[in-house]
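Taking it in order: structure first as structure tokens, then the write-up.
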Amino acid sequence: MTAIAIEDLVFRYPSGVTALDGVDLRIDPGETVAVIGQNGAGKTTLARHLNGIHRPTSGTVRLDGRDTAERSIASLSASVGYVFQNPAEQLFASTVRADVEFGPRNLGRGEEEARRLADRALEATGLTPFADHHPYHLSPADRKRVALAAVLAMDTPVVVLDEPTTGQDHAAVTRIARIVAALRDEGRTVVAVSHDMDFVAENFARVVVMAQGRVIADGTPGEVFTRSADLERARVEPPQMLRLAAELGWARPVTTVPEFLDALRAGPSGRG
Ligand SMILES: Nc1ncnc2c1ncn2[C@@H]1O[C@H](COP(=O)(O)OP(=O)(O)OP(=O)(O)O)[C@@H](O)[C@H]1O
Ligand SMILES: [Mg+2]
């Protein structure tokens, strides 16, 4: 069954801005999907439809075959975890642990289970040492990972990350990549909005490109990042490795360091 089925989704803000202008998108269970596109393309607005923060102006969003319009936010939050682009909109408790435990408690997971899920999420995000700190005493980058931990602790089948690597140093980006891989290995569906093309190419099997409230390209990183006209329209720069390979005159689409090394070892004939 398709985990997420979006049909002809239109969303207009009360201000009159049409942020989504007819989005069609199907995502199967267990897929890892990155959504890219320039500022204002509608990525966050789309992501917020997945857990019911936004409701369609027209069109439908189905989750496991059920129209989300018929489900409460409380019911959707057991299925879809959404990590806010701006953690200030998501966090509210006076300690990191309380923020991370809130989700599983609220879903009725019980005291002990909530604590176990929170401990696991704090460990995965590298926040165990900060468990008793006030979230607002942390750096913006650490606070952003608290928002991620709070969603991981909810243990949902679908996880939506809005710009997870913003402001994160190399070690934290590696941690986040490991979290995406672990979610994938557990068979969860991961959707991430990102401006970080290297992170996208290295960690997602599918890339969806948005421009002006629509999906304009959809495919593997190798397919999408070689569609230069679409990338230009979406004002997206391809990953560094692809640009380097193109500069070297290679025809083979290479989007990550391991792919680059494979192509290098394959010699001129293997590079197309
Ligand atoms: N609360 C709001 N009220 C009115 N218009 C909004 C609101 N939030 C976003 N918009 C507008 O909707 C459009 C899509 O915005 P959205 O935040 O979904 O884009 P985005 O692709 O996530 O951008 P970014 O990469 O900057 O995060 C933009 O024109 C934006 O100005
Ligand atoms: Mg956004």
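Owing to the predicted nature of the structure, the values given are computational and were not obtained by experimental measurement. First listed ligand is number 1; within each ligand, the first listed atom is number 1.
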Hydrogens and angles aside, do [X] and [Y] bring a side-chain donor and acceptor to less than 3.5 Å of each other?
X      : Y      : answer
Thr128 : Glu123 : yes
Asp196 : Thr165 : yes
Thr189 : Glu31  : no

For [atom], the protein heavy atom that lies nearest, with its residue and separation:
atom                    : result
atom 27 (O) of ligand 1 : Gln85 NE2, 3.0 Å
atom 17 (O) of ligand 1 : Thr44 CB, 3.8 Å
atom 26 (O) of ligand 1 : Asn39 ND2, 2.8 Å
atom 23 (O) of ligand 1 : Gly40 N, 2.8 Å
atom 29 (O) of ligand 1 : Val17 CG1, 3.7 Å
atom 25 (O) of ligand 1 : Lys43 NZ, 2.7 Å
atom 10 (N) of ligand 1 : Tyr13 CE1, 3.4 Å

Within a radius of less than 6.0 Å around [atom1] of [X], do more than 12 heavy atoms belonging to other residues, nucleotides or ligands occur?
X      : atom1 : answer
Gln38  : CD    : yes
Arg235 : CZ    : no
Glu186 : CD    : yes

- prompt: What is the distance from atom CZ of Arg271 to atom CZ of Arg252, rounded to the nearest 0.5 Å?
  reply: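 The CZ atom of Arg271 sits 9.0 Å away from the CZ atom of Arg252.
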Angular separation of Thr44 OG1 and Gln85 OE1 about the Mg ion (ligand 2), given to 10°: 80°
message: Taking a cutoff of less than 4.0 Å between a non-hydrogen atom of the residue and any ligand atom, is His195 in contact with ligand 1?
response: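 Heavy atoms of His195 do come under 4.0 Å of ligand 1.
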- request: Pick one of side chain, backbone, both or neither for how Met210 approaches ligand 1, counting any non-hydrogen atom pair under 4.0 Å.
  value: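 Contact part for Met210 vs ligand 1: neither.
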field: N/O separation below 3.5 Å, Ala19 to ligand 1
entry: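 There is no such contact.
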message: Could you check, using the six-membered ring where one of them is a Trp, whether Tyr13 and His54 have ring centers closer than 6.0 angstrom?
response: yes
- request: Only heavy atoms count here, so choose which of Asn86, Val193, Thr45 is nearest to atom 16 (P) of ligand 1.
  value: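 Answer by nearest heavy atom: Thr45.
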- prompt: So, for atom 31 (O) of ligand 1, does the protein have a heavy atom nearer than 4.0 Å?
  reply: no
Test item: Arg62 and Thr68 side chains (from C-beta on) under 4.5 Å apart, heavy atoms: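 No, too far: nothing below the 4.5 Å cut-off.
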